[in-house]
Chemist: 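Attaching a single structure in structure tokens format; questions to follow.
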Amino acid sequence: MTYPELRQKIEQQLAQLPPDQLSLVSDFLDSLSGKSAMSQRPLRRLTPIKRGTKAGGLLKFAGTWQGNDLEDCLRLVKETRSQAQF
């Protein structure tokens, strides 16, 4: 599908949506703009904290997540992790 055809199709779809769904489309487009702005920010590299402990020490924190930003944190991890090379 060419760019003009795609734009025409989207315009036709938008013309048929009720106002509440148009609001959802607007929110989605805002999130796309925010995502591209976020991906343009350089990431800071931090040195790992090494204290001689084992990963098993983290088990005491299992199931203790507090807050409502878990989805945001998981999304950030997925967007910023590098691909494994084998």
Side-chain angles (χ1 to χ4, degrees):
M1 182 176 290
T2 66
Y3 179 76
E5 291 171 336
L6 183 58
R7 283 195 63 101
Q8 183 179 11
K9 177 183 175 185
I10 292 170
E11 288 172 5
Q12 290 171 349
Q13 290 171 322
L14 289 174
Q16 296 173 359
L17 289 178
D20 59 325
Q21 289 183 345
L22 274 176
S23 177
L24 292 174
V25 171
S26 177
D27 291 344
F28 173 70
L29 293 174
D30 289 342
S31 73
L32 288 178
S33 298
K35 189 177 288 188
S36 65
M38 188 174 89
S39 66
Q40 293 173 357
R41 290 187 306 185
L43 297 176
R44 294 185 302 140
R45 293 264 182 209
L46 301 175
T47 57
I49 299 172
K50 297 179 182 177
R51 297 191 179 116
T53 60
K54 305 274 187 224
L58 295 174
L59 288 176
K60 65 182 177 184
F61 298 107
T64 62
W65 183 269
Q66 293 182 358
N68 59 0
D69 60 345
L70 179 60
E71 286 85 17
D72 293 337
C73 290
L74 292 174
R75 179 183 45 76
L76 180 64
V77 167
K78 289 177 183 176
E79 289 174 356
T80 58
R81 69 178 172 193
S82 60
Q83 294 294 321
Q85 296 178 0
F86 299 99

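The figures here come from the full heavy-atom set of this structure, side chains too, leaving out hydrogens, waters and symmetry mates. The residues of the chain are indexed from 1 along the displayed sequence.
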Chemist: Rounded to the nearest 0.5 Å, what separation is found between the CD atom of Gln16 and the CD atom of Gln21?
Modeler: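 Taking CD in Gln16 and CD in Gln21, the distance rounds to 11.0 Å.
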Chemist: Under the rule for side-chain contact (heavy atoms from CB on, under 4.5 Å), what residues qualify as partners of Leu6, not counting sequence neighbours?
Modeler: Met1, Ile10
Chemist: In chain order, what residues pass the side-chain contact (heavy atoms from CB on, under 4.5 Å) check against Leu24, with sequence neighbours excluded?
Modeler: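 In terms of side-chain contact (heavy atoms from CB on, under 4.5 Å), with neighbours along the sequence ignored, Leu24 is linked to no residue.
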Chemist: List in chain and number order the residues that pass salt bridge (charged side-chain N to carboxylate O under 4.0 Å, His left out) with Asp72, two or more places apart in sequence or in another chain; answer none if no residue qualifies.
Modeler: Arg75
Chemist: I'd like to know if the side chain of Thr80 reaches the main chain of Leu76, judged simply by a donor and an acceptor atom lying under 3.5 Å from each other, with no hydrogens or angles considered.
Modeler: yes
Chemist: Can you get from Tyr3 to Leu32 by hopping between Ile, Leu, Val, Met, Phe, Trp and Tyr side chains that sit under 4.5 Å apart?
Modeler: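 No: no chain of side-chain contacts under 4.5 Å links Tyr3 to Leu32.
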Chemist: What is the distance from atom CG of Leu14 to atom OG of Ser26, rounded to the nearest 0.5 Å?
Modeler: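 Here the rounded value is 10.5 Å.
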Chemist: About how many Å separate OG1 of Thr2 and NZ of Lys9, when rounded to the nearest 0.5 Å?
Modeler: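 Interatomic distance, Lys9 NZ to Thr2 OG1, rounded to 0.5 Å: 12.0 Å.
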